[in-house]
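Every chain is numbered from 1, with letters handed out A, B, ... down the list of sequences.
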Amino acid sequence: MQTATISRLHEHAGGEVTIRGWLSAKRSSGKIRFLILRDGTGQCQCIVEASHADAFETADRLTLESSCILTGTVRPDDRAPGGCELDVTGIEILHIAEEYPISRKAHGIDFLMNHRHLWLRSPRQTAILRIRHTIIRAARGYFDDAGFTLIDTPILQPGAAEGAATLFPVDYFGEEVYLAQTGQLYLESACMALGNVYCFGPTFRAEKSKTRRHLTEFWMIEPEITFADLPVLRHHAEQMTTRILRDVLEHHRDDLASMGRDTAPLEAITPPFPVLTYTEAVDLLHSEKVRSWLEGDLADKEKQLAACREELAEAVESLGTAKKAWQKEKAEQQIRSLEEHVRELETDIEHRRHHMSDASAFEWGRDFGGDEETILSRQFDKPLFVTGYPREVKAFYMKRNGQDPRVVENMDMLAPEGYGEVIGGSIREDQLDVLLERMKEENMDPEPYQWYLDLRRYGSIPHGGFGLGIERTVSWMCGLKHVRETIPFPRLLGRMTP
RNA sequence: UCCGGCGUAGCUCAAUGGUAGAGCGGGUGGCUGUUAACCACUAGGUUGUAGGUUCGAGCCCUACCGCCGGAGCCA
């Protein structure tokens, strides 16, 4: 007797095997029972006929999410979702589950988040988490293959690398320290020892942001590259992104399809990616091209809204003709989701009206907000690099541009389809006096940074790096509306459990 | 922090200021190929909390709590 995983069940066609897992669904019809077993590798429909009296009786005792061991014969069958079925001859119960709170019907987000530990078992969530794994492996694989050394940077840190207002304080034996918001400063040190390095770990931001793009705890992969200039940084960002796209598309066709992700926009992405300087981006925002695009986009949305309202009217009508209670319920559910869609489109349209005035009125020197990012990235069907932001809106360690001292040598990479910033990076300021001057401008006390400044005292070199936000990347690849589904246990403003 | 919306059965939601309901899920029974199966029966409620208005409040008013959406903030 062989034990098999569901994903490899087809290899045992005709043979007798044992599979172990959880009951994810059960249907019955007279003298036949259909058990859908889930084992983490896949789902399999298992048939129990009354002729196997023991198994048949046991099948009736299984509740949703009960764990069990099934023995039976593997039979390829087109009627089965996975292509294979198991004709069950024996059932061993491991545990009879209590009434499972998550049904196959609709649930609200609050309920699902409160049951995140169980919600993870649903097919959509497992698909997302598998893709997350592939993205992390691809990103790390890219740097591993390119000869980078993995460096683990500390999570407990004495001070701020970015704005101090967004740090989580921790009581460290009576001293206030902070959770890391980047590994960068430490990574720069390691870079001077080992050459090209990268870190991968959690980072923490105490921003009171309640948006679909923010978590208070999220994961970043950050390379730091010796003797680099901006084109080198962009090259690595581009190649890493391409590698991630390739691996996700190669290994997750089914997962992406199961969550309704249209892969065409992902497949269309090939290097090179477009590049704009900040100044060019501001000009683009002011341009006739963007103005007419915004108008066209607004018209599109209004058309969608009209269509959606029409659909809503039809749904209301079908509610009137529904006979069965469940048909009525279904129609009501459809109406609710359409109403939600209408509301979404209405706020979208309102935002776009603001966009039009905001874009033309955008002043050089301001940082781009979500709106500007969205407009810019929507002009391209590939990720967009924006480089050379004004010094004032960027961090102290970014290298000043030699030709134009108003801007720094930085880059953001904005994902297409409105997903916004997924990568931020820069060349680091490598001159001690310039760095000190910059810290003074920011009212920073150089004392706690002496160790960091040492890197500019003992063999300073040009170098730079960037950070890729894992959750935003997962959200983009999966086509999700919110990053809360991209991490197993999201930490959000006002949500800590489970 | 600000603006808006919501809070009713385990879940998703109904209910002109006038007897709290449906579907799903649970339970019981039926059906030999089901795909969110279906059919019948059944149990299940301090309407977020605390006040107020009213003959009467799930519904109106006030405060608070919670969640959602958006803004601000944000490598």
Side-chain angles (χ1 to χ4, degrees), chain A residues 24-36 43 45-51 56 60 63-64 77-82 85 87 98-115 160-163 165-166 181-184 203 205-216 218 220 222 319 322 324-333 335-337 339-340 343-344 346-348 350-351 354 367-371 373 389 393-398 408 410-413 420-426 465-469 472 481-482 484 492-495:
Chain A
S24 63
K26 182 165 82 167
R27 291 180 286 270
S28 72
S29 178
K31 298 287 178 285
I32 188 166
R33 300 288 180 264
F34 302 91
L35 307 178
I36 311 297
Q43 294 210 345
Q45 175 151 284
C46 306
I47 313 301
V48 193
E49 294 188 342
S51 50
F56 191 74
D60 279 340
T63 55
L64 215 57
D77 191 319
D78 291 340
R79 291 171 295 186
E85 287 192 340
D87 286 322
E98 294 175 23
E99 189 182 332
Y100 192 64
I102 299 180
S103 70
R104 291 161 78 83
K105 300 280 175 158
H107 295 285
I109 190 66
D110 186 37
F111 178 81
L112 289 172
M113 290 294 287
N114 287 335
H115 294 81
E162 313 284 342
T166 64
Q181 55 181 182
T182 171
Q184 183 199 314
T203 47
R205 303 280 164 93
E207 290 153 12
K208 296 207 167 176
S209 303
K210 258 185 115 159
T211 81
R212 53 185 67 184
R213 307 207 320 276
H214 287 88
L215 296 163
T216 53
F218 64 99
M220 272 205 298
E222 300 177 273
L319 176 63
K324 304 263 185 189
W326 67 267
Q327 286 175 329
K328 213 171 147 182
E329 184 65 24
K330 198 172 162 184
E332 278 172 359
Q333 209 172 337
I335 286 168
R336 277 196 295 276
S337 86
E339 279 171 346
E340 193 186 323
R343 271 198 302 278
E344 237 168 63
E346 280 170 350
T347 54
D348 241 32
E350 203 177 310
H351 283 170
H354 285 295
D367 200 0
F368 292 135
D371 288 354
E373 278 185 4
Y389 281 60
V393 301
K394 287 294 168 186
F396 75 96
Y397 53 74
M398 293 188 180
V408 290
N410 81 309
M411 63 168 203
D412 281 357
M413 193 183 84
E421 184 185 343
V422 290
I423 287 177
S426 74
F466 59 84
L468 170 84
R472 287 184 180 180
K481 279 187 182 173
H482 201 297
R484 65 188 158 215
L492 297 150
L493 188 59
R495 186 172 292 282

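Panel note: side chain R472(A), backbone R213(A); a donor-acceptor pair is recorded below 3.5 Å. Panel note: side chain R205(A), backbone Q181(A); a donor-acceptor pair is recorded below 3.5 Å.
With rounding to the nearest 0.5 Å, the separation of NE2 in H214(A) from CD in E207(A) is 5.0 Å. Distance CD1/I423(A) to CG/D412(A): 9.5 Å, rounded to 0.5 Å. D110(A) contributes atom CG, which lies 10.0 Å from atom NE2 of H115(A) (distance to the nearest 0.5 angstrom). For the atom pair CD (E99(A)) and CG (L64(A)), the distance works out to 9.5 Å, reported to the nearest 0.5 Å. Put simply, CZ on F396(A) and CE on M398(A) are 10.0 Å apart, with the number rounded to the nearest 0.5 Å. Rounding to the nearest 0.5 Å gives a distance of 6.0 Å between CZ of F34(A) and CD of Q45(A).
When distances are taken from the side chain of S103(A) to each of G25(B), C67(B), G33(B), the shortest belongs to G25(B). With C68(B), U12(B), G33(B) as the candidates, the nucleotide lying closest to the side chain of S29(A) is G33(B). Set against A36(B), U34(B), C73(B), the side chain of R104(A) has A36(B) as its closest nucleotide. Of the candidate nucleotides C67(B), C31(B), C74(B), C31(B) has the atom lying nearest to any side-chain atom of K31(A). You'll find that the side chain of E99(A) is closest to G26(B), out of G26(B), U32(B), C73(B). Of the candidates C67(B), G69(B), U34(B), the closest approach to any side-chain atom of H482(A) belongs to G69(B). Distance from the side chain of E207(A) is smallest to C74(B) among C74(B), C31(B), C11(B). Side-chain atoms of S28(A) lie closest to C31(B) of the nucleotides G72(B), G33(B), C31(B). Closest to the H107(A) side chain, of the nucleotides C74(B), C11(B), G25(B), is C11(B).
When heavy atoms are screened at a 4.0 angstrom cut-off, F111(A) is found touching the sugar-phosphate backbone but no base atom. Across all strands shown, G494(A) has heavy atoms under 4.0 Å from sugar-phosphate atoms exclusively, and none from any base. At the heavy-atom level, E222(A) lies under 4.0 Å from base atoms of the strands shown. Among the heavy atoms of the strands lying under 4.0 Å from G108(A) are primed sugar atoms or P, OP1, OP2 only; no base atom is included.
Comparing A43(B) with A71(B), their C1' atoms are spaced 47 Å from each other, to the whole Å. For the C1' atom pair drawn from U62(B) and G69(B), the interatomic distance equals 25 Å after rounding to whole Å. Going from the C1' atom of C74(B) to that of A22(B) covers 45 Å, rounded to whole Å. Spacing of P atoms, C60(B) relative to G5(B), comes out at 12 Å, to the nearest Å. A57(B) and G51(B): their C1' atoms are spaced 14 Å apart (whole Å). Remark: the separation of the C1' atoms in U42(B) and C2(B) is 50 Å, to the nearest Å. Comparing the same atom, P, in A20(B) and in G48(B) gives a spacing of 16 Å after rounding to whole Å. The gap from the P atom of G44(B) to that of C55(B) amounts to 35 Å, rounded to the nearest Å.
The distance from atom CG of D367(A) to atom P of C73(B) is 10 Å, rounded to the nearest whole Å. Look at CG on D87(A): it is 14 Å from C1' on U34(B), rounded to the nearest Å. E98(A) has its CD atom 13 Å from the C1' atom of G10(B), to the nearest Å. The distance between atom CG of D371(A) and atom C1' of C74(B), rounded to the nearest whole Å, is 14 Å. One can place CG of L493(A) at 12 Å from P of G69(B), the figure rounded to the nearest angstrom. As a whole-Å value, the separation of K210(A) NZ from A71(B) P is 13 Å. Here C74(B) presents its C1' atom at 10 Å from NZ of K394(A), a figure rounded to the nearest Å. Distance NE2 (H115(A)) to P (C11(B)): 8 Å, rounded to an integer number of Å.
Counting heavy atoms from C-beta outward, S426(A) and Y389(A) have side chains that stay 4.5 Å or more apart.
Taking the six-membered ring where the residue is Trp, F111(A) and H107(A) present parallel rings, their angle staying beneath 30° rather than reaching 60°.
Note on R495(A): a side-chain N or O is less than 4.0 Å away from OP1 or OP2 of C68(B). The phosphate of U32(B) (OP1 or OP2) has no side-chain N or O of R27(A) nearer than 4.0 angstrom.
Side-chain atoms of E85(A) come within donor-acceptor range of the base of G33(B), with a qualifying N/O pair under 3.5 Å.
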- prompt: Would you write out the dot-bracket form of RNA chain B, 5' to 3', with Watson-Crick and G-U pairs under 3.5 Å, [ ] for crossing pairs, | for pairs to other strands and . for unpaired bases?
  reply: (((((((..((((....[..)))).(((((.......))))).....(((((..]....))))))))))))....
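Two residues, S51(A) and G467(A), neighbour RNA chain B, and the one matched to the more 5' nucleotide by heavy-atom proximity is S51(A).
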